[in-house]
S.K.: 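Here's a structure for you.
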Amino acid sequence: IRVLYGGWFPRQRDDGRPLVPPPYNLARRNLRRLPAPARGPLGLLGDAALVRFLRRGRFRAVLAEYGPCGAEVARACRWAGVPLVVHFHGMDAFQRDLLRD
């Protein structure tokens, strides 16, 4: 069992090392402020880092706490071939604006 944390899209590993490079973390926090053409490549960098982590660790499944986290990691889990289980806690189950984007 490993834990990733740091936001809806995880940025830190449980050993304290970053999942993605620090400049990416800064850009990711401000993703919605960036022009649309810049958003796609940044998202792909984070997804690629998560795919590498999942494949190297030979994970059998990913548990995402809260719907927005599940929405953020779904593409990387699909690319890595790792099943994703999302645990909805309440508001995230019916607030569609939280799951948008």
Side-chain angles (χ1 to χ4, degrees):
I1 295 174
R2 298 290 306 267
V3 176
L4 301 176
Y5 60 95
W8 294 133
F9 187 89
R11 295 185 304 272
Q12 291 290 126
R13 297 167 29 152
D14 55 2
D15 60 6
R17 294 174 31 204
L19 179 65
V20 292
Y24 170 83
N25 289 332
L26 179 61
R28 183 78 186 199
R29 274 185 245 136
N30 296 302
L31 196 59
R32 289 196 171 118
R33 295 181 195 156
L34 294 174
R39 291 182 203 153
L42 281 172
L44 293 176
L45 287 173
D47 289 338
L50 183 53
V51 167
R52 274 192 309 277
F53 179 81
L54 294 172
R55 286 182 177 163
R56 286 181 183 160
R58 297 184 183 146
F59 292 94
R60 295 189 334 197
V62 169
L63 170 63
E65 293 288 343
Y66 296 97
C69 180
E72 288 286 328
V73 301
R75 183 170 52 188
C77 289
R78 187 171 52 252
W79 289 351
V82 178
L84 171 64
V85 177
V86 182
H87 181 192
F88 288 84
H89 290 265
M91 187 173 85
D92 56 324
F94 64 87
Q95 290 284 326
R96 291 183 184 199
D97 59 323
L98 286 175
L99 298 176
R100 244 181 245 147
D101 300 329

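Each residue takes its place number in the sequence, starting with 1.
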S.K.: Is there any side chain to side chain donor-acceptor pair (under 3.5 Å) pair reaching into residues 55-64, and which pairs are they, with sequence neighbours excluded?
M.R.: none
S.K.: Applying side-chain contact (heavy atoms from CB on, under 4.5 Å), name anything that partners L84, two or more places apart in sequence or on another chain.
M.R.: V62, A64, V73, A74, C77, V86
S.K.: Can you name the nearest heavy-atom pair linking L50 to A76, along with the distance?
M.R.: CD2-CB, 3.6 Å
S.K.: For Y5, enumerate each residue passing the ring-ring contact (aromatic ring centres under 6.0 Å, His included) test, keeping only those at least two apart in sequence or located in another chain.
M.R.: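 For Y5, no residue satisfies ring-ring contact (aromatic ring centres under 6.0 Å, His included) once neighbours in sequence are set aside.
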S.K.: How far does CZ of R75 sit from CZ of F9, to the nearest 0.5 angstrom?
M.R.: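 CZ of F9 is found 9.0 Å from CZ of R75.
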S.K.: To the nearest 0.5 Å, tell me how far Y66 OH sits from H89 NE2.
M.R.: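 The distance works out to 4.5 Å.
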S.K.: What pairs with R13 under side chain to side chain donor-acceptor pair (under 3.5 Å), at least two apart in sequence or on another chain?
M.R.: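 Side chain to side chain donor-acceptor pair (under 3.5 Å) list for R13, sorted by chain: D15.
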S.K.: So Q12 and L4, side chain to side chain contact (heavy atoms under 4.5 Å, CB included) or not? Walk me through it.
M.R.: CA-CA 6 Å; Q12 291 290 126; L4 301 176; over 6 Å; no
S.K.: Which atoms form the tightest heavy-atom contact between F88 and G67, and what is the distance?
M.R.: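 For F88 versus G67, the nearest heavy atoms are CE2-CA, 3.4 Å.
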S.K.: Got a second to check how far R2's CZ is from L54's CG, nearest 0.5 Å?
M.R.: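 One finds 10.5 Å between CZ of R2 and CG of L54.
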S.K.: Roughly how far, to the nearest 0.5 Å, is the CG atom of L19 from the CZ atom of F53?
M.R.: 6.5 Å
S.K.: With sequence neighbours left out, write down each residue that passes side chain to side chain donor-acceptor pair (under 3.5 Å) with R78, or none if nothing qualifies.
M.R.: none
S.K.: Looking at every heavy atom in both V20 and A49, which two are closest together, and how far apart are they?
M.R.: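 Shortest heavy-atom contact: CG1-CB, 3.4 Å.
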S.K.: Any idea which heavy atoms bring G7 and R11 closest together, and the distance?
M.R.: CA-NH1, 3.9 Å
